[in-house]
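The chains referred to below are lettered A, B, ... by the order of the sequence lines, with proteins before strands, and numbering in each begins at 1. Because the structure is a prediction, the values reported are computed rather than measured.
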Amino acid sequence: MISIIDLLRDCSISCFKEFSLFLIIMPIIASIICFLLRSNSQKRSVLFIAGFFHFLVSALLVFPQLYIDNISISNSNSLFISSFSGNVENAVFLMIVSLLFLGASYYVMGYLPMEEKNIRKDEEGFIINDEPETVFSGFMLLFLASMTLVCFSNHMGLLWAAIEATTLFSAPLIYFHRSRKSLEATWKYLVVCSVGIAIALLGTFFLSIAASSSGGSLYISDLYSTNSFNTLWLKLAFIFLFVGYGTKMGLSPMHTWLPDAHSEAPSMVSALLSGALLNCAFLAIWKSHLIVSSAGLESFSSSIMVVFGIFTLFISAVFIINQREYKRALAYSSVENMGLMCLLLGISSIAGYENTKQFIFINAIGHSLIKSGMFFLAGLVFFQYKSKKFSDIESMVEKTPTMSAVWFIGFILLSGAPPSPLFLPKFFLIKAFLSSGNYYTAIFIILAFIIIFGGLGRIFFSTLFGSKETEKDESPQLKKLLIPSQIFFLSSMFVSFLFLWFLRG
Amino acid sequence: MENIKLFLQAVIILFAAPILPGIINRVKAFFGGRQGRNIFQLYFDIYKLFNKGIVYSNTTTLIFRIAAPAMAALSCIAALIMPFGGQSGLLSFSGDFILIVYLLALSRFLLIISAMDTGSPFEGMGASREAQFAVFAEPVFFMSILTLSKITGESSVHGIFSKLSPVLWVENAPVLFLIVLSLFIVMLCETSRVPFDDPDTHLELTMIHEVMVLDNSGPDLGLIFYASAIKLWILGSFVSAIIMPRHSEIFWLDSLIYISGLAIVAISAGVVESVMARVRLLRVPQFLLAAFSVAIMAFVFQSLKG
Amino acid sequence: MAIIIASSLIFLFAAFLNLSVFSKYRKVNFINSVISFFASLIGFGGALAELSYGGKFSPINNSSFLTYFRLDYVSCFFLLALYLIVVAVSIYGNDYLKKMEEKKQLNFFWMNFHILVFSMCGVLLSKNAFLFLLFWELMAFSSFFLVMTDHKKKEVQKAGLIYLCANGAGALFLIAAFSLTSDSYFNFAPAMSGSTLAFFFFLVGFGLKAGFIPLHIWLPEAHPAAPGNVSALMSGIMIKMGIYGIFRALSLLSPWQQSWGWTILLIGIISSILGVIFALAQHNIKKLLAYHSIENIGIIMIAMGLGILLNLKGFNELSMLSFCAAFLHTLNHAIFKSLLFMSAGSVMQASGIGEIDELGGLARKMPQTAFFFLIASAAISGLPFLNGFVSEFIIYYCSFKALSSDSLFTVFSVLALSITGALALACFAKAFSVMFLGSPRKIKTESVVETGKYMRAGMAILSFFSILIGILPYFSFNFLFSKFSPILTESHVWHEISRIFIFFTGTYLCAIFFFAVFMFMRRKIVSENRVDLAPTWDCGYLASSPKIQYTGSSFANPLIEFFSIINPPSASYPAIRGYFPSDNSYSSHPRAFFYETLYKPSIDKMRKMASFFSFIHGGNLRMYVLYIFLSLLALILWKI
Amino acid sequence: METISQFLILAIIFCNFFLLFSHSTKRLVDLAAIQGVLAAFLPLLNSREFFFEPFIFALIVIILKGFFFPSILKKIIVKNSAYEEKRREYYGHISWSMYLLIFFVSVWLSTRLNFDVETSAWILPASFMTIFCGFLTIILKSQTVSQITGYIVLENGIYCFGTAIFIHQPLMVEAAILLDIFVAIFVMGMAVFHIGREFKDSDSDSLGELREVFEEEAQK
């Protein structure tokens, strides 16, 4: 067995560049094929196959790399990173993206045929007909390609272009159910995100000015090593980058697009949006934070991040408590988790970068898995109960027992109870704040978490239990569609225990 | 010799207890200008009742049947724990007044249950009033015992009484006087004497203690009279031990002083009964709270001085 | 140690069994109760063995997964209490759930039951913060599902939601507390800095589970909503996990401070007195018992506060003794509270009515249940002959022994205990007599029949232990606490207490002797004369009906009036109109005082404040772009 | 060469001015187009020697910004009949005050940021002005089409900033950035086209259904 791993390791190091190119180009080719095919079921199978191969190759790339941290192959100024050794975060986020896409494509295989059969009416009674399948599957694959490009890019400009591409390719996906509300959500998503991304472009140009003394090259690996920055320009660059990518990541004054996009998009798209897309934006902020801290301005960037993180927690707590739709509540819990990750990155300067990095990974993995599982479930609940408001849904425990069981397990994991991976970052965050002495922020964070738990609890509770007499009618293929969420929840629990095993080691 | 004395004490308590109500009635009659009942009238009543048959109400259960003897037994035991004269009671240990209070509480519990068992509205009324007064009486009792044990530094009843000496009276006369006052009020309330409850009223609505025993008959009624007499003896001996402290080491002289102290307490209770009228039912809690504040004042004086 | 772990694993296995195998069977009650009975019996034996001659409590130091668990004296004591209650509850459950079994599939119920017991064992055994919180959450969620068994009713849903939020908040406070007192590998470690803050977090976190006054709002809702055997288990043992947690917290935060002792003592006094006052006003039997759990938790907190303050004042043996009193009262309360809930459950199942004012005269139809309820209510009001008195006596004893000039706190504890004792006596005399004695009020007692034999067996076990500890305090106190700490067992305080307990047994025997004498005398007299039955004396009023009896609310009315400032009952009686008397009605129902004046308004205000922020997401796209622009400007001005 | 670029920058600033105050969407689109073309000329004037790629890029930019996008937007304006901005009474005052504000902020910023790369003096404040003007157009104008023009103006500002620093980026990156910008504008156009078809008038304020409505308001 050992020899196979060595074999895999060698080939993954040697032909890293070929594999990464393959990972980017393969979805594009698949999307072109989808545009050509006619029958919908063929398109879905192409989607699934592409997702499967993508997962396979990225797994091949990522896992062997974890054993060879020592060899640092300098990925000198090539547009794409030549190995994961320097930047483990790219590997982790790549794994999340491909795993989520696999789950989503499997979900699509079961969900879309169900969609076709029933005609849904909008609130105002307009018949909602869906986007042509070609547009959907095509843009889904392009969306995957752009997200993979984000994980592989080694040049800030290319990183910007990739994130801009993700916005553009995901916009039509949100508009899948051609209702007025989803159109409005798409338009708001487009305008807010592209304005944010434009600011990020400006930030990239400022970055090149700041690095102009050493040739102004925007290669991330070079930016790490150069230490002769023009500090004023670097600060301005970080501010613009932070605000730009913060809009894309959903930090709070700029989070306004997130709840609309997630509540109107179909569940598999919103799963990908909140699971994978927010992480990519976070990756960009992480890179710029590393560049700024390598130039010695660590306290500058972490203070900004702490302030924005706390404001995001406040906003998500305020909005969850009065929430009336479960999809929007899930969206706000994504906003909360992003604020949490931004806070974690902010306190990494106080609490030591090395172990905060681990907790950021566990939070990213845990949040993406649980949130995408929950959105798949939300799609099924919407399909079963036809309403987005949780007050219209009652006694789910009676009507659909298995789905309500998975629904409640998802809530437990989301709430950060110990079996869930979200528990450890919360623990670490509160520990960092308390031991570093600022008690008031710690108490504020605890209150925010309690309010969020209470808000989510109220929503899940009133969907599950009710006094209406209903008999059990659960369609079998609905149960089949529960599989992706169940797998994601179980793997998130497994990840948390695995992480504890490493920590103990 | 020692345990003979102890045994003798027990016999004296168990047989001499019914005299006290006789003394109280005699004093009331004297104030009323009447000749009054015989002091030993209660013995004759108990003996008469013991020879009568029993009538049980058909709504009562087993509890009603065993309540009266159990109450009598508990009161006797509580009396045995009490010290007699200078000597300690049959069994004395630190914190034994807690056992005494809780034994009396258990007998009160049984009395209330047996009263409610008959299902008559009057007995229910008496039971609820009894329960209410107990809530205010117990803290007063504990507060005064706290002050006593703070003065004497002892935590058992026998220890406290043996430490009480005329010298101690001189040092902290006001504190001891306040304690006597509060203990006297508690005695009046617990044994349902006049200011709180009129023992020989005939209108069921106004009674408290008597109404609970309305349905008892024959030997049960006798046992209940006997138990209330012993209860009067116990609480009276607390007051008398403080008023007449004595250490003459002569058993006979000490017990004589102790019994005379008890007689004085009975006489003063009779005086209070004939002088005061019944207090309105709503005023009784305020009355007891006044006693409570007296006890707290005593404690505060003591801790300030101490 | 191995036996205890084995028994808890059996529970886990049983839970898994329920999930998989039993879902096909219809009648799962019997198998489940048998499994849990034997498992808890083994556990009980193991705990007894560990407690009596085990005593080594050596930590397991092999590098296996077990290093995160340890069994020291305190957790062994709580395990003993846990297994004792589970033995009784599992037998009781078999019969109690028979009716429910026809209606719905009960394997989900039994699975949660087993998970609850397993997680409680886990909480008591774990030494690692992560595992502790894992079992804590497992306990919270499994008990949540048990409370929600018949989730059709409105008040059960309300209770479930409050309980869920209380658990969530508690868990988060515990996270904050453990973050201060654990090293990087999540093992318990004494707090380095900010121990008062850690103490505050521990107190709030565990208080939400223990349920003393400020944090008790879920208790009077959750316990009545849960089925009989679940509320017995929950109020018997699950609340004590909060007490266990507070003790564990005290051992972690090494230098105790004066302020901690006083906070715990004051919380204890407030919750004991207020708890019993609220209980007096209750009409529903389960709500009454729930408020009494708060009162007894208050008494335990008084004992712990006393322990801390005595320790600080230098009375070391007395502080150890008052901690023993706290643990003994935990065990006692577990015994008689579960007994009370079980008997109340069987009464409600037999009569179908929860309001005590509608019951009456049940003793004739359910003699054994009446006997068990009498034993338990005498024990809870701390009357002699039963176990409640023993632990309260020790608290009295410690406070009297430590009565010196600057130890004012002993006075407060003595007063609080005496007032609570008297009020509890009044409350339980009312409850017992209104439910069991007198003639039946609204209930038709023809249909009422004695409860199943398993239920009576469960209740018999607990009342046996209650009488055992009550009558033979010396034997049980020595057995339970000889291993607690060597300092205590050598001290003169220990000898004096043992002497006192021997005296207790002596007095009880004399009392029984006197009782026998009087009974014998009466029997001799009664055999000669006539004994006949007659209707109760009712002033000659001819047509007396059960309605004229004293009900629970009329019994407690004088006391409720007196304490109405604290707990104003909301009475509703329409004004009398017209001159001629028409039928009128008076109904007074107690209000959940704290919930309505403190929690509900604050939550509504918070939501109103939150809705104030809805303008941020006002739907206008141009505002959203403005936010980006403003945050950009703000950052530039702030940072450059 | 210096004076011509000065002159171009002044023209760009004036375009900003007119942008803020015009009400007809058509004129807005034209102004943005002119500004785009002017910004495209800047790199050619600044660079001393003649390079091939920047010339090609500039040409592409001119073609797209100058002719292609205005035509699309004009077609959309006709299709949605969104000719006129809604006249609001406070409109004039706000535009004036905002214009002055962004003018001072950009001048303050450019003085603060001591710009060591040698370019024409006024390029920095001009680009800041254009960026903030792009922002204001999106915020102040309510028509969806004018929000696209605001985005185009924003891109112009960033573009003329990019040319100002004139650091040669790898070809692929330049192409990717330009491609993204144009695809973004194209997709927005498609979205506005759909909005026009779905909602009668394409005023962005009508797009207000997705908002946080809480119980009290809901019951009202």
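- Residue contact with chain B, scored on non-hydrogen atoms closer than 4.5 Å, is absent for C:V517.
- Using a 4.5 Å cut-off between heavy atoms, B:P139 contacts chain C through both its backbone and its side chain.
- Contacts between B:R65 and chain C at a heavy-atom distance below 4.5 Å involve backbone atoms as well as side-chain atoms.
- For B:L74, the part sitting under 4.5 Å from any heavy atom of chain C is the side chain, from C-beta outward, and nothing else.
- Without hydrogens or angle criteria, C:R364 side chain to B:T59 main chain gives a donor-acceptor distance under 3.5 Å.
- In this structure, the portions of B:L103 lying under 4.5 Å from any heavy atom of chain C include both its backbone and its side chain.
- Put simply, the side chain of B:Y102 does not reach to within 4.5 Å of the side chain of C:F393, judged on heavy atoms.
- Proximity to chain C is limited to the backbone of B:A134, based on heavy atoms less than 4.5 angstrom apart.
- Between B:V135 and C:A422, the shortest heavy-atom distance links the atoms CA-CB, 3.6 Å.
- In terms of heavy-atom proximity, B:F142 sits nearest to C:S418 at CD1-CB, 3.4 Å.
- For B:L99, the parts lying under 4.5 angstrom from a heavy atom of chain C are both the backbone and the side chain.
- Looking at every heavy atom in both residues, C:F400 comes nearest to B:S149 through CD2-OG, 3.9 Å.
- With a threshold of 4.5 angstrom between heavy atoms, B:D215 approaches chain C through side-chain atoms but not through N, CA, C or O.
- Between C:F428 and B:F109, a ring centre-to-centre spacing not shorter than 6.0 Å is recorded.
- Residue contact with chain B, scored on non-hydrogen atoms closer than 4.5 Å, involves the side chain of C:F432 exclusively.
- Using the six-membered ring where Trp is involved, C:F562 and B:F136 have ring planes that are perpendicular, over 60° apart on the 30 and 60° scheme.
- B:P121 and C:Y550 get closest at one heavy-atom pair: O-CD1, 3.7 Å.
- Atom CE of C:M521 sits about 4.0 Å away from atom CZ of B:F50, to the nearest 0.5 Å.
- For C:F436, no part lies under 4.5 angstrom from a heavy atom of chain B.
- Only the side chain of B:L14 has a heavy atom closer than 4.5 Å to any heavy atom of chain C.
- Minimum heavy-atom separation, B:G119 to C:Q549: O-CG, 3.0 Å.
- Both the backbone and the side chain of B:Y56 come within contact range of chain C, with heavy atoms under 4.5 Å apart.
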